Protein chains: 2
Amino acid sequence: MLDAYDLKILALWQQRGDIGPVEMGEAIHLSASQCSRRMAALKKAGHVRGFHAVLDPVAVGVGLMAYVLLTMKSHSPEAADAFRMRIMGLDEVMECHKLTGEADLILKVATRDLTSFNQLLSHRILAAPEVATARSSIILDEVKSTTALPIRV
Amino acid sequence: MLDAYDLKILALWQQRGDIGPVEMGEAIHLSASQCSRRMAALKKAGHVRGFHAVLDPVAVGVGLMAYVLLTMKSHSPEAADAFRMRIMGLDEVMECHKLTGEADLILKVATRDLTSFNQLLSHRILAAPEVATARSSIILDEVKSTTALPIRV
DNA sequence: CGCCATCACGCACAGTTCGTGCATGCTTGA
DNA sequence: TCAAGCATGCACGAACTGTGCGTGATGGCG
């Protein structure tokens with residue numbers, strides 16, 4: 001069971017994934033050695049999936065991001081697995097979630113430009129035998145973007 | 001201009017935001033001191049927006065995530081700014097993007113359960129004077145989820 | 001009520017990492 | 001051909017990290 005210190009560590013780690021036990025200790029008023037133990041335990045318990053650098057898209061040549069809503073031809077587990085494998089092999093697809101409602105899946109994709117977005121959509125996504133329809137929306141502006149889950153501490 | 005070493009660092013940092021110069025040097029075949037310099041330079045240049053721990057939602061009491069598509073009553077900059085401020089103050093809203101197409105905005109939200117999702121939707125989002133309509137889809141399954149942008153190295 | 005066991009804590013310390021000064025080699029331009 | 005600039009690795013000092021150990025608090029049991 002996570003106590004108040006654990007939640008504080010996790011909350012701060014979501015914002016600052018790069019701090020170590022010394023700085024964490026200063027922030028939550030615990031010694032560095034105790035923070036080191038708790039941080040290791042939280043990792044070991046699987047409460048942290050991973051630590052990631054979040055980049056400026058422009059820096060790595062990403063000029064367009066979009067959402068793509070898909071409906072699928074079949075809802076069989078085999079078709080789902082086949083599509084999942086396909087998606088896992090496409091670096092341009094950052095996220096893929098199965099949804100309730102009209103669309104079956106929602107993808108979040110990142111490409112260099114409209115040309116490569118069109119190529120991804122036409123030759124990889126719509127070309128997949130599992131896909132019935134695709135409806136895409138280009139991201140015009142990022143109002144908010146965080147990986148931080150709400151934590152009550 | 002980013003060279004091959006820089007791109008390798010960024011690519012690995014997206015996967016492993018927690019490694020230091022020693023480990024990075026082993027991975028990309030450069031000395032730890034040179035990696036330290038390059039990593040610091042990449043941060044200073046703003047190519048890295050931040051480092052974040054990505055948590056297991058269950059660990060912090062998040063049991064439901066959903067997308068919410070919004071249409072807005074007005075498209076004035078004032079209304080946009082007002083809504084942006086509102087969204088910034090809601091920890092449950094992880095992402096908010098302005099889109100082309102039928103919907104004006106797409107939100108990605110995280111809540112404890114359906115009850116608190118309903119409360120967020122009814123009392124915070126739909127209650128905002130800027131919002132015309134909202135259409136939500138619960139996430140049933142996460143097929144893929146990464147913050148890593150595609151990088152050609 | 002007292003005792004014992006367990007757990008969380010901070011201190012001390014050894015090992016490792018990190019960041020920087022310096023020397024060297026390579027490349028480019030004049 | 002020479003000089004300047006840049007990238008590199010080595011050496012080293014400072015800081016960090018992780019672990020052993022002792023201590024105190026808490027809870028349960030007799």
Side-chain angles (χ1 to χ4, degrees), chain A residues 1-62 146-153, chain B residues 1-62 146-153:
Chain A
M1 227 291 268
L2 302 177
D3 64 11
Y5 280 128
D6 293 324
L7 293 173
K8 282 177 179 172
I9 290 171
L10 293 175
L12 189 43
W13 247 352
Q14 292 194 119
Q15 309 304 325
R16 289 285 316 282
D18 58 334
I19 70 176
V22 167
E23 200 172 347
M24 184 67 79
E26 285 165 0
I28 70 170
H29 304 110
L30 209 52
S31 73
S33 60
Q34 194 50 8
C35 280
S36 179
R37 290 192 183 94
R38 284 177 172 271
M39 287 156 85
L42 288 167
K43 288 186 210 170
K44 186 174 181 183
H47 299 322
V48 185
R49 282 181 170 177
F51 295 87
H52 304 288
V54 174
L55 309 183
D56 174 22
V58 172
V60 293
V62 168
T146 176
T147 54
L149 296 166
I151 295 186
R152 263 188 230 93
V153 291
Chain B
M1 225 291 265
L2 302 177
D3 66 10
Y5 280 126
D6 293 325
L7 292 172
K8 281 176 180 174
I9 290 171
L10 292 175
L12 189 45
W13 247 351
Q14 292 194 119
Q15 309 303 326
R16 287 288 315 282
D18 58 335
I19 70 176
V22 166
E23 200 172 347
M24 183 68 78
E26 287 165 359
I28 70 171
H29 304 107
L30 207 54
S31 74
S33 59
Q34 192 52 8
C35 280
S36 180
R37 290 191 185 96
R38 283 176 173 269
M39 287 155 86
L42 287 167
K43 287 187 211 172
K44 186 175 183 183
H47 297 323
V48 185
R49 283 181 170 176
F51 295 87
H52 304 288
V54 174
L55 309 183
D56 174 22
V58 173
V60 293
V62 167
T146 177
T147 54
L149 297 166
I151 293 184
R152 269 190 224 90
V153 293

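FYI, side chains are in, hydrogens and waters are out, and symmetry mates aren't considered; it's all heavy atoms of this structure. A, B, ... follow the sequence lines: proteins, then strands. Residue 1 opens every chain. As the structure is a prediction and not an experimental result, all values here were calculated from the model.
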Output one letter per nucleotide in nucleotides 20-27 of chain C: B when a protein non-hydrogen atom lies under 4.0 Å from the base, S when only the sugar-phosphate is that close, - when neither is. BBB-----
For atom [atom1] of [X] and atom [atom2] of [N], their distance in whole Å:
{"X": "A:M24", "N": "D:dC16", "atom1": "CE", "atom2": "P", "value": "14 Å"}
{"X": "B:D6", "N": "D:dC6", "atom1": "CG", "atom2": "P", "value": "15 Å"}
{"X": "B:M39", "N": "D:dA7", "atom1": "CE", "atom2": "P", "value": "17 Å"}
{"X": "A:R38", "N": "D:dT19", "atom1": "CZ", "atom2": "P", "value": "16 Å"}
{"X": "B:L30", "N": "D:dC10", "atom1": "CG", "atom2": "P", "value": "11 Å"}
{"X": "A:H29", "N": "C:dG10", "atom1": "NE2", "atom2": "C1'", "value": "16 Å"}
{"X": "A:E26", "N": "D:dA15", "atom1": "CD", "atom2": "P", "value": "13 Å"}
{"X": "B:M1", "N": "D:dC6", "atom1": "CE", "atom2": "C1'", "value": "16 Å"}

Mind running a 4.0 Å heavy-atom check of residues 11-20 of chain A against DNA chain C and sending the residues that fall below it, in number order?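 Contacting residues: none.
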Heavy-atom closest pair, residues [X] and [Y]:
{"X": "B:G20", "Y": "B:M39", "result": "C-CE, 3.8 Å"}
{"X": "A:H47", "Y": "B:A59", "result": "ND1-CB, 3.4 Å"}
{"X": "A:V54", "Y": "B:H52", "result": "CG2-CD2, 3.6 Å"}
{"X": "B:I28", "Y": "B:K8", "result": "CG2-CB, 3.7 Å"}
{"X": "B:Y5", "Y": "B:H29", "result": "OH-O, 3.9 Å"}

Please walk me through it: do B:L55 and A:I151 pass side-chain contact (heavy atoms from CB on, under 4.5 Å)? CA-CA 11 Å; B:L55 309 183; A:I151 295 186; 3.9 Å; yes
How long is the span from the CD atom in B:Q15 to the OG1 atom in B:T147, to the nearest 0.5 Å?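 Answer rounded to 0.5 Å: 7.5 Å.
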Point-to-point distance, once rounded to the nearest 0.5 Å, from CZ of B:R37 to CG of B:L30: 10.0 Å
Apply side-chain contact (heavy atoms from CB on, under 4.5 Å) to residues B:R38 and B:M24 and explain how you reach the verdict. CA-CA 11 Å; B:R38 283 176 173 269; B:M24 183 68 78; over 6 Å; no
